[in-house]
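Predicted model only: the values in this text are computed from it and were never measured.
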Amino acid sequence: MTALAAAAGMALLSACGGAATAKEQQGGSGTGSGTAGQATAKGGSGHGRTPFTATHIGGPTTVIEIGGARILLDPTFDRPKKYPSGLEKQQAPAFGIDKLGRIDAVLLSHDQHDDNLDDSGRALLKDIPAVYSTPGAHRRLGSHVTGLKSWDSRTIRTSGGSVKVTAVPALHGPDGVDRGADGEVTGFVLSGRGVPTTYISGDNASVKVAAEAGKRIRKQFGRIDTAVLFAGAARTPAILDNAPLTLTSKDAAKVARAIDPRKVVAVHTDSWNIYSEDMKSLVKAFREQGVAHKLVNLQPNGSTKRLS
């Protein structure tokens, strides 16, 4: 995203109002079995309400602090560069790994594409106590990655309680398309006692898939407090004739209407050459759908926004 576009997005959003570690304790191969494994986060005080915040570092890369745990989404920390895949990172992350602080778990929507896991992010994974992703990511990346099938869960234990991580369906392209291993992706939901139920779409492009996941989430975990939507309408001519591989701005707004979270954090709209729609177009779409009041003004500049 250009500096001008970022400034425009910030102005529109404002107008809308919108050193401890964790140790995973698991059995088996690391692939999802439906039985909750555990990671133990030693941060947090255990007294009073724990912070619920989001820090956007750039692209999809976001830190969610919730239930006493610090959770990193899709780590991308490379400086601007071109990749053999044809993807190009055009903007540096807000800060580097050295400023990241304690991370108790990584939620990785998928490992196949540089804009969700770049070279620096890939190297970082082995230093993280718990990494949750797809079964394919487990096979490709190794035993330090736990592959979860849809609706499989693991639990991060914190000094103040626990955060349950559940994989949910996602579709990396238009409805009805099966991209095989290259398109295997997952979303997540975070839940637990005293934990705001949080839906993370991952690289999903389907309103239908998100809406169906939302129905089950509401039934199983209660109303969705916050939705983290990967938008930007990622496109590449080499895949599906340039069809969107993540939510368009209009579809992100439709998802917000369908699943009706209290707040929406939109990411995955900046820093990479394949994102065809920016925050400005997303704000416009949310206004048109009557859901602009749900948008959180979170810029990819490393600032932290309190969500509750």
Side-chain angles (χ1 to χ4, degrees), residues 1-13 54-64 71-101 103 106-128 131 133 137 140-141 172 182 185 200-203 205 228-239 242 244-249 252 265-283 297-305:
M1 186 193 300
T2 65
L4 181 61
M10 180 178 290
L12 281 167
L13 277 168
T55 305
H56 189 193
I57 300 168
T61 307
T62 306
V63 175
I64 305 293
I71 297 173
L72 177 64
L73 310 183
D74 286 18
T76 57
F77 288 94
D78 286 350
R79 305 293 295 179
K81 61 185 286 188
K82 293 183 179 180
Y83 297 82
S85 63
L87 273 67
E88 180 180 355
K89 190 167 192 180
Q90 300 175 322
Q91 183 172 308
F95 53 79
I97 291 172
D98 59 325
K99 305 293 186 183
L100 189 57
I103 295 295
V106 163
L107 304 186
L108 176 64
S109 67
H110 63 302
D111 67 300
Q112 303 95 303
H113 304 133
D114 301 304
D115 64 310
N116 297 89
L117 184 67
D118 64 12
D119 296 335
S120 298
R122 193 173 295 264
L124 172 67
L125 293 185
K126 291 186 178 180
D127 296 327
I128 304 298
V131 181
S133 190
R140 287 183 292 269
L141 298 177
H172 205 4
D182 184 61
V185 295
I200 301 162
S201 73
D203 268 19
V228 181
L229 300 183
F230 287 30
R235 302 175 191 267
T236 174
I239 300 177
N242 223 33
L245 305 178
T246 57
L247 291 169
T248 65
S249 295
V265 173
V267 300
H268 200 276
T269 65
D270 63 275
S271 302
W272 292 85
N273 65 327
I274 61 169
Y275 301 166
S276 65
E277 297 181 8
D278 61 12
M279 188 62 71
K280 183 177 178 179
S281 71
L282 188 137
V283 172
N297 182 3
L298 185 66
Q299 298 298 314
N301 59 11
S303 61
T304 297
K305 182 73 69 170

Keeping [X] on the side-chain end and [Y] on the backbone end, is there a donor-acceptor pair under 3.5 Å?
X	Y	value
Asp203	His172	no
Ser249	Leu282	yes
Asp278	Ser281	yes
Asn116	Asp74	no

TODO: Mind telling me whether His268 and Phe230 have parallel, tilted or perpendicular rings, with 30° and 60° as the class edges?
DONE: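 Answer is parallel, since the angle falls under 30°.
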Is there a side-chain contact between [X] and [Y] (heavy atoms, below 4.5 Å)?
X	Y	answer
Leu245	Ile274	no
Pro93	Thr61	no
Val267	Leu73	no
Ser201	Val228	no
Leu124	Leu72	yes
Asp127	Ile97	no
Lys81	Asp119	yes

Task: Member of Thr246, Asp270, Asp115 meeting the side-chain hydrogen bond (donor to acceptor under 3.5 Å, both in side chains) criterion with Tyr275 - done: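 Exactly one candidate clears the test, Asp115.
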What closest approach, in Å, do [X] and [Y] show between heavy atoms, and which atom pair accounts for it?
X	Y	answer
Ser271	Gly59	OG-N, 3.8 Å
Thr76	Gly58	OG1-O, 3.9 Å
Gln91	Pro80	C-CG, 3.8 Å
Asn297	Lys305	O-CE, 3.1 Å
His56	Ala94	O-CB, 4.4 Å
Leu298	Ala54	CD1-O, 3.6 Å

Open item on the list: Before you tell me yes or no, could you show the steps for Asp111 and Arg140 under salt bridge (charged side-chain N to carboxylate O under 4.0 Å, His left out), namely the whole-Å CA-CA distance, both residues' side-chain angles and the distance that decides it to 0.1 Å?
Closed with: CA-CA 8 Å; Asp111 67 300; Arg140 287 183 292 269; 2.7 Å; yes
Atom pair [atom1] ([X]) and [atom2] ([Y]), whose distance is rounded to the nearest 0.5 Å:
X	Y	atom1	atom2	value
Asp78	Asp114	CG	CG	8.0 Å
Ser133	Leu117	OG	CG	8.5 Å
His110	Gln112	NE2	CD	5.5 Å
Thr55	Leu100	OG1	CG	9.5 Å

TODO: Show the numbers, then the answer: is there a side-chain contact (heavy atoms from CB on, under 4.5 Å) between Leu87 and Asp118?
DONE: CA-CA 10 Å; Leu87 273 67; Asp118 64 12; over 6 Å; no
Task: Leu125 and Leu108: CA distance, side-chain angles, deciding distance, side-chain contact (heavy atoms from CB on, under 4.5 Å) verdict - done: CA-CA 10 Å; Leu125 293 185; Leu108 176 64; 4.3 Å; yes
Open item on the list: Heavy-atom count check: over 12 atoms from other residues, nucleotides or ligands less than 6.0 Å from Lys126 NZ?
Closed with: no
TODO: Starting from the C-alpha separation in whole Å, work towards a yes-or-no answer on side chain to side chain donor-acceptor pair (under 3.5 Å) for Ser303 and Asn301.
DONE: CA-CA 6 Å; Ser303 61; Asn301 59 11; 2.7 Å; yes
